[in-house]
Structures are given as structure tokens and as C-alpha cells.
S.K.: 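What follows is a single structure, and I will ask about it in a moment.
Atom set for the values below is all heavy atoms of this structure, side chains included, hydrogens, waters and symmetry mates excluded. We name chains A, B, ... by the order of the sequence lines, and we start the count at 1 in each one. Note that the structure is a prediction, hence the values are computed from the model and not measured.
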2 protein chains.
Amino acid sequence: MLKGHLDAIVLAALESGPAHGYAIIEAIKARSGGTFDLPEGTIYPALHRLEEAGLLSSDWITPPGGRRRRVYALTRSGTARLAEGRKAWGRFAKAVEASLGGGRAWLA
Amino acid sequence: MLKGHLDAIVLAALESGPAHGYAIIEAIKARSGGTFDLPEGTIYPALHRLEEAGLLSSDWITPPGGRRRRVYALTRSGTARLAEGRKAWGRFAKAVEASLGGGRAWLA
DNA sequence: CTTCCATACCTAGCAATACTAGGTATGGAA
DNA sequence: TTCCATACCTAGTATTGCTAGGTATGGAAG
């Protein structure tokens with residue numbers, strides 16, 4: 001479960017350049033150290049939703065001698081939303097940590 | 001939105017001693033610096049669910065000259081679950097931060 | 001050459017979560 | 001006496017991310 005932060009994570013995965021769905025799954029898995037091993041049924045609908053919302057654009061690309069892929073890129077709105085998402089994460093994480101209280105021994 | 005961490009936050013609010021629903025709402029609001037101002041429709045069903053799961057116990061208390069209140073306390077299972085929840089939060093937060101990447105400028 | 005796996009895309013339907021929006025009731029203050 | 005803070009509750013709903021299925025291709029293994 002990504003608890004509402006999936007959008008920001010997907011947008012962040014596209015920050016360094018366009019990518020197709022399957023590659024995004026691999027990128028998120030790698031960046032999260034294996035923690036976020038997302039099923040396709042999570043990513044593809046999310047990509048459609050983000051495109052619908054104008055945060056991503058997509059193009060069908062057929063590399064020479066390869067299969068067609070749908071390549072997504074951040075739009076201007078998407079870049080702005082990513083920045084918001086990072087701020088929102090910061091506030092959220094701070095509030096959760098304050099709420100969980102204690103000596104923060106679980107942070108390591 | 002508490003994104004799946006509500007249970008741990010509620011359990012943490014009860015760590016320092018039993019409390020009733022309304023007081024738990026106030027405690028969470030205070031501890032989170034006002035960020036988590038939860039509606040009753042969030043807390044009460046959560047308390048019922050946690051009790052159902054054996055993580056909390058409850059008693060109806062009528063203080064002298066006061067209204068009856070339902071006072072919740074952590075069970076042994078609840079204490080264990082809280083420890084797990086803190087560990088889970090630590091892992092989750094680490095993975096999100098790695099996934100959001102960059103210079104961690106949003107942490108401040 | 002055929003079989004299998006990794007790649008690559010998609011959707012319908014479902015379970016969980018936390019919310020809105022309503023309801024009830026009491027004690028104290030204005 | 002009217003209103004607000006306290007104090008509890010639930011039905012229904014939006015969103016989220018999942019399971020579980022489907023389709024198809026290219027390359028490697030046998």
C-alpha cells in the first residue's frame with residue numbers, strides 16, 4: 001500500500017526523463033530499495049488517471065526492431081504537482097512522526 | 001487523509017494511558033501540531049475496528065456529575081501492534097523518501 | 001522449432017480506508 | 001433559554017490500490 005503517495009512517486013520517477021510503464025515499475029522498485037514492487041494493475045490505471053488529470057502526456061513509440069511502448073512524460077502541471085507532493089509528504093511525515101511520539105527509536 | 005497509518009496513531013495516543021474518543025481526537029490534533037484534525041466519523045469507527053481486532057478494550061465510565069464516556073485502553077496485542085506500526089512507518093517513510101529522490105530539499 | 005520467460009500493455013471488479021453528512025444527547029455558559 | 005462544546009454513533013460514499021484475469025511479442029533454452 002502506497003497510502004496516497006503513489007502519484008508523487010510516479011511523477012518523481014519521470015522527473016529525470018520520459019519512460020514507459022514497465023520501466024516506471026522497475027525504476028520505482030529500484031529507487032525504493034525493493035520496497036515498492038508494484039503490480040501492473042496499480043501502475044497502469046494510475047498512469048491513465050495522471051494523464052487524464054493533465055499531469056502526464058503520452059506517446060506510442062515503436063523502437064526499431066522492438067514492440068510498441070507507451071512513453072509518458074511530465075507536463076508542466078505534473079512538475080508543479082510533484083513539487084506540491086514533496087511538500088505535502090514533508091508535512092505529513094512530520095505530523096506522523098510527532099503523533100507516533102516517543103524517542104524515535106524506530107527511525108534508524 | 002491518514003493513508004493507512006491511522007491505527008498506529010490512535011494506538012500511540014493511548015500509550016500514555018486510557019482515554020475516551022473525544023479526548024483521543026484532541027490528543028492527536030495536539031500531538032500533530034494541528035495537522036490531523038480528525039472528524040468523529042473517522043475516529044469512532046476506527047476505535048470500534050481496533051477493539052473488534054482485540055487491540056483495544058473499552059469500558060463505559062460515568063464520572064461523578066458527568067456524562068458517560070467510553071474509555072479505551074491498549075491491550076497487550078495493541079501494544080505489540082503499535083511497535084510493529086512504528087517499524088512499518090520507518091520502512092515506509094524511508095522508501096518514500098528514496099523514491100521521491102532529489103536533494104531532500106522538501107525536508108526542513 | 002517449439003516452448004517458455006521476460007517484456008509490455010490493458011481492464012473489471014473488489015476490499016479497505018477515511019471521509020461526509022446526518023442523528024442523538026448533556027452540561028455549562030451567555 | 002438558547003447556544004456551544006462535549007460526547008457518542010452510523011449509513012453511505014469517494015478514492016485508492018489491489019487481485020485476477022486477458023492479450024501479445026521477442027529472445028533464449030531445449
S.K.: Can you check the B/Ile43 CD1 to D/dA7 C1' distance for me, whole Å?
M.R.: 13 Å
S.K.: Check A/Ser99 against B/Phe36 and note the closest heavy-atom contact, atom names and distance.
M.R.: OG-CD1, 3.7 Å
S.K.: What is the minimum heavy-atom distance between B/Ser77 and B/Gly54, and which atoms define it?
M.R.: CB-O, 3.7 Å
S.K.: Take the protein atom NE2 of A/His5 and the nucleotide atom P of C/dA18, then report the distance between them rounded to whole Å.
M.R.: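 That distance rounds to 12 Å.
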S.K.: D/dC9 phosphate, OP1 or OP2: any side-chain N/O from B/Tyr44 under 4.0 angstrom?
M.R.: no
S.K.: Find the distance A/Leu47:CG to C/dT11:C1' and express it as a whole number of Å.
M.R.: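 Distance check: A/Leu47 CG to C/dT11 C1' gives 14 Å.
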S.K.: When rounded to the nearest 0.5 angstrom, what distance separates CZ in B/Arg70 from CD in B/Glu51?
M.R.: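 If we round to the nearest 0.5 Å, B/Arg70:CZ and B/Glu51:CD are 5.0 Å apart.
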S.K.: Just how far, in rounded Å, is C1' of C/dG22 from CD of B/Glu40?
M.R.: 12 Å
S.K.: Between atom CZ in A/Arg69 and atom P in D/dA24, what is the gap in whole Å?
M.R.: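 Those two atoms, CZ and P, are 20 Å apart.
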S.K.: For C/dA25, which nucleotide is its Watson-Crick or G-U wobble mate, given both distances must be under 3.5 Å?
M.R.: D/dT6
S.K.: Just how far, in rounded Å, is C1' of C/dT17 from NE2 of B/His48?
M.R.: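 Spelled out: NE2 on B/His48 to C1' on C/dT17 is 16 Å.
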S.K.: Have a look at A/Arg67 and say if it touches a base, only the backbone sugar-phosphate, or nothing, with a 4.0 Å heavy-atom cut-off.
M.R.: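 Since a base atom lies under 4.0 Å of A/Arg67, the category is base.
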S.K.: Measuring to OP1 and OP2 of C/dA18, would you say a side-chain N or O of B/Arg49 lies under 4.0 angstrom away?
M.R.: yes
S.K.: Looking at D/dT13, which nucleotide sits across from it as a Watson-Crick or G-U wobble partner, both distances under 3.5 angstrom, or is there none?
M.R.: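 Partner of D/dT13: C/dA18.
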S.K.: Find the distance B/His20:NE2 to D/dA5:P and express it as a whole number of Å.
M.R.: 16 Å
S.K.: Expressed as a whole number of angstroms, how long is the span from A/Leu38:CG to D/dG17:C1'?
M.R.: 9 Å
S.K.: State the pairing partner of C/dA30; accept Watson-Crick or G-U wobble contacts with both distances under 3.5 Å, and report none otherwise.
M.R.: D/dT1
S.K.: In terms of ring plane angle, is the pair B/Phe92 and A/Trp89 parallel, tilted or perpendicular, where the classes change at 30° and 60°?
M.R.: perpendicular
S.K.: For B/Val71 and B/Pro18, which heavy atoms make the closest approach, and how far apart are they?
M.R.: CG1-CB, 3.6 Å
S.K.: Can you work out whether A/Arg70 or A/Glu26 has the more 5'-proximal nearest nucleotide on DNA chain C?
M.R.: A/Glu26
S.K.: What does A/Gly21 touch in the nucleic acid at a heavy-atom separation under 4.0 angstrom: a base, only the sugar-phosphate, or nothing?
M.R.: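 Contact class for A/Gly21: sugar-phosphate only.
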